[in-house]
Structure formats: structure tokens, C-alpha cells
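For the single chain, residues carry numbers from 1 onward in sequence order. Because the structure is predicted, anything quoted here is derived from the model rather than measured.
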Amino acid sequence: MNDDQLLRYSRHILLPEIDVPGQQAIVDSTVLVIGAGGLGSPAAMYLASAGVGTLLLADGDTVDLTNLQRQILHTTEGVGRLKVESGRDTLARMNPETRVEVLAERLEDAALDAAVARATVVLDCCDNFATRHAVNRACVKHRKPLVSGAAVRFDGQVSVFDLREATNPCYHCLFPEGEDVEETRCAVMGIFAPLTGIVGSLQAAEALKLIAGCGEPLVGRLLIIDGLSMNLRTVRYGRDPACAVCAA
């Protein structure tokens with residue numbers, strides 16, 4: 001890091017758990033953020049402000065007026081633009097040292113595989129189970145840590161799947177694909193705006209801890225947030241020895 005970087009990130013460097021080596025790891029990292037909406041907005045903003053070297057921002061949607069209540073990467077002027085381009089401009093104003101690469105598509109197949117392979121950490125900030133399971137399979141294949149978040153109505157959840165260690169559970173262990181799981185979308189059910197900020201910020205925090213090698217990430221623990229009562233509880237879970245994705 002140069003002198004300007006040492007000053008910009010000095011509050012991280014003052015933390016003994018991070019210090020210069022941890023901050024250097026953050027500066028050298030590449031983070032894939034899948035989804036530039038409610039969760040991806042605060043997650044990407046905190047990752048960029050913390051000094052992540054390269055952000056891969058993936059989303060195929062455009063900014064809609066209904067997004068602006070919670071998707072803080074975007075402004076009224078951005079309505080109609082690709083979310084990744086609007087987000088790139090916002091992040092550039094926050095920290096021009098972070099390189100933002102835009103992937104203006106719903107990542108799948110070879111494109112998803114290539115993006116995950118490049119990443120130090122992957123953040124799942126999407127809103128559908130099909131993508132979540134595809135991302136999980138790619139992370140298991142490439143042994144990449146995955147930080148997953150979800151939010152709808154007043155309910156949020158966060159967990160970490162550190163797939164660098166083969167004995168850790170994957171997303172499929174917790175939410176098996178093919179089970180009858182109700183998929184609720186904020187377009188129909190509504191969503192409390194600050195909840196996306198809480199969940200997305202927690203995802204950024206877990207990603208930075210993984211990169212810097214500090215603290216205890218939410219591996220094997222599902223953090224559940226009730227935004228109405230502001231009650232937080234943690235549920236423990238383990239690896240499924242018969243998991244169709246990671247057991248092999």
C-alpha cells in the first residue's frame with residue numbers, strides 16, 4: 001500500500017485483528033457480488049470503502065423507480081440504467097481505488113463458473129433459489145467461501161459457507177434443492193428498507209473477516225433477524241453427509 005492508502009484505511013490498520021497484513025489482503029482481494037439490489041447495494045458500498053481491490057458486480061436488471069426505497073447504490077437519475085453501471089458510478093465516487101468490473105447478466109453456466117473462479121470471496125445477494133443453488137455449486141467446485149444473505153418483509157438471514165474446508169456445510173446442506181420451499185419476493189410481499197441495509201452490511205462484514213482472516217465467521221450458523229422486534233437469534237447446523245453437492 002502507498003501512503004494515501006495507509007491513511008485512507010488507517011482505522012482498519014489500527015485494529016490489531018486486521019493491522020497492515022489484513023488490510024493488504026483486502027486491497028489484494030477480488031470479491032464477486034451477485035446482485036446489485038437491496039443486499040448488494042450496501043454490501044458493495046462497504047466493500048469498496050474498505051478497500052477491496054476488485055469488485056465483480058453482477059446483475060442483469062435495470063433500475064426501476066420501486067427499487068429506490070432500499071437499493072442505495074442507485075438514484076432517481078439512474079432509473080432505466082443497468083444496475084451494474086449505476087452501481088459502478090456510485091462506487092467510483094466512493095473509492096476510485098477500487099476497480100469495479102460490471103457483469104451485466106444473470107450469471108449462469110460458464111460465465112458463473114469463470115466469475116467464481118476469479119473471486120477471493122463470493123457474496124450471494126440475489127433473490128431466487130435457482131441462482132443461489134447454482135452459485136453454491138460453483139463455490140463448492142472451486143472451494144470459494146460464500147456469504148449468503150436474504151431479506152423479505154421484516155425477516156432477514158445471513159450465513160457463511162467456507163468451502164475452503166471440505167468438512168464445512170454448503171448452502172445445499174442447509175436448504176436442499178428441490179424441497180418445497182416457499183419463494184417470496186419483495187415485489188409481492190413488500191420489504192422494510194433498512195432491513196436490506198442490515199443484511200447487506202453483515203454480508204460485507206463477514207466477507208472482510210474472511211479475507212483478513214480475523215474473528216469467527218458465521219460458518220455452521222444461520223443468523224436470523226426479526227426486524228419488527230429487532231430480535232436476533234442464531235441457529236446452528238451441520239454438514240449433510242449425504243449432500244448431493246458437497247458430500248462427493
Side-chain angles (χ1 to χ4, degrees), residues 1-58 70-75 84 86-102 118-125 144-149 151 156-162 164 192-219 221 223 225 227 230 232 234:
M1 289 182 287
N2 57 39
D3 289 345
D4 286 343
Q5 289 174 312
L6 290 170
L7 183 59
R8 178 185 283 266
Y9 309 124
S10 60
R11 299 307 186 269
H12 263 178
I13 293 169
L14 286 170
L15 297 170
E17 295 85 355
I18 296 180
D19 206 346
V20 172
Q23 184 59 45
Q24 186 66 61
I26 293 170
V27 169
D28 293 339
S29 69
T30 296
V31 178
L32 171 60
V33 178
I34 300 176
L39 305 182
S41 288
M45 292 170 81
Y46 270 112
L47 291 169
S49 64
V52 164
T54 301
L55 270 179
L56 308 178
L57 191 61
R70 66 201 177 281
Q71 299 184 14
I72 57 176
L73 264 179
H74 316 298
T75 64
V84 288
S86 169
R88 177 189 57 198
D89 293 348
T90 299
L91 297 172
R93 289 192 295 271
M94 292 183 62
N95 187 358
E97 293 187 351
T98 293
R99 178 186 179 194
V100 180
E101 295 186 26
V102 300
R118 291 183 58 193
T120 309
V121 178
V122 177
L123 272 68
D124 173 10
C125 301
K144 302 290 185 173
L146 170 63
V147 183
S148 178
Q157 61 186 38
V158 184
S159 193
V160 173
F161 308 93
D162 192 349
R164 295 172 297 185
F192 186 48
L195 180 67
T196 61
I198 294 169
V199 173
S201 297
L202 286 170
Q203 288 183 264
E206 291 299 295
L208 292 170
K209 285 162 55 183
L210 287 165
I211 296 167
C214 66
E216 181 183 357
L218 282 167
V219 176
R221 295 181 292 149
L223 178 64
I225 303 161
M230 204 46 72
L232 282 71
T234 303

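Side chain of Q203 to main chain of V147: a donor-acceptor pair is present (N/O by atom type, distance under 3.5 Å, no hydrogens or angles). D19 contributes no side-chain N or O that, together with a main-chain N or O of P21, makes up a donor-acceptor pair within less than 3.5 Å. Checking side-chain atoms of T120 against main-chain N and O of T30 turns up a donor-acceptor pair under 3.5 Å. Side-chain N or O atoms of T90 include one that pairs as donor or acceptor with a backbone N or O of L73 at under 3.5 Å. Under the 3.5 Å distance criterion, the side-chain polar atoms of S41 are left unmatched by any main-chain donor or acceptor of G38. Side-chain atoms of S159 come within 3.5 Å of backbone N or O of R221 as a donor-acceptor pair.
Rounding to the nearest 0.5 angstrom, the gap separating the CD1 atom in I18 from the OH atom in Y9 is 12.5 Å. Distance check, rounded to the nearest 0.5 Å: CZ of R164 to CG of L210 gives 5.5 Å. Taking CZ from R99 and CG from L55, the interatomic distance works out to 11.5 Å, rounded to the nearest 0.5 Å. Distance NE2/H12 to CG/L208: 6.0 Å, rounded to 0.5 Å. One distance of note links CD of Q23 with CD1 of I211; it measures 10.0 Å at 0.5 Å rounding. Summarising the geometry, atom OG1 belonging to T54 is positioned 6.0 Å from atom CD belonging to E101; distances are rounded to the nearest 0.5 Å.
With P145 as reference, V121 is the one residue of V121, V122, V219 to meet the side-chain contact (heavy atoms from CB on, under 4.5 Å) rule. For the side-chain contact (heavy atoms from CB on, under 4.5 Å) criterion with L232, the lone passing option out of I198, I225, L202 is I225.
Partners of K144 according to the salt bridge (charged side-chain N to carboxylate O under 4.0 Å, His left out) rule, which considers only residues two or more places apart in sequence or in another chain, do not exist here.
Side-chain contact between L91 and R88 is absent, with no heavy atoms from C-beta onward closer than 4.5 Å.
Considering all non-hydrogen atoms of both residues, L39 and P42 come closest at O-CD, 3.3 Å. The two residues L57 and V84 make their nearest non-hydrogen contact at O-CG1, 3.3 Å. A204 and A43 get closest at one heavy-atom pair: CB-O, 3.8 Å. Of all the heavy atoms in A48 and T98, the pair that sits closest is O-OG1, 3.3 Å. What you find for P217 and G215 is that their closest heavy atoms are CD-O, 3.7 Å. The shortest non-hydrogen separation linking K209 to E206 is NZ-OE2, 2.8 Å.
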**OP:** Show the numbers, then the answer: is there a side-chain contact (heavy atoms from CB on, under 4.5 Å) between M1 and V20?
**Re:** CA-CA 9 Å; M1 289 182 287; V20 172; 4.0 Å; yes
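The neighbour count for D3 CG, taken as heavy atoms of other residues, nucleotides or ligands under 6.0 Å away, does not exceed 12.
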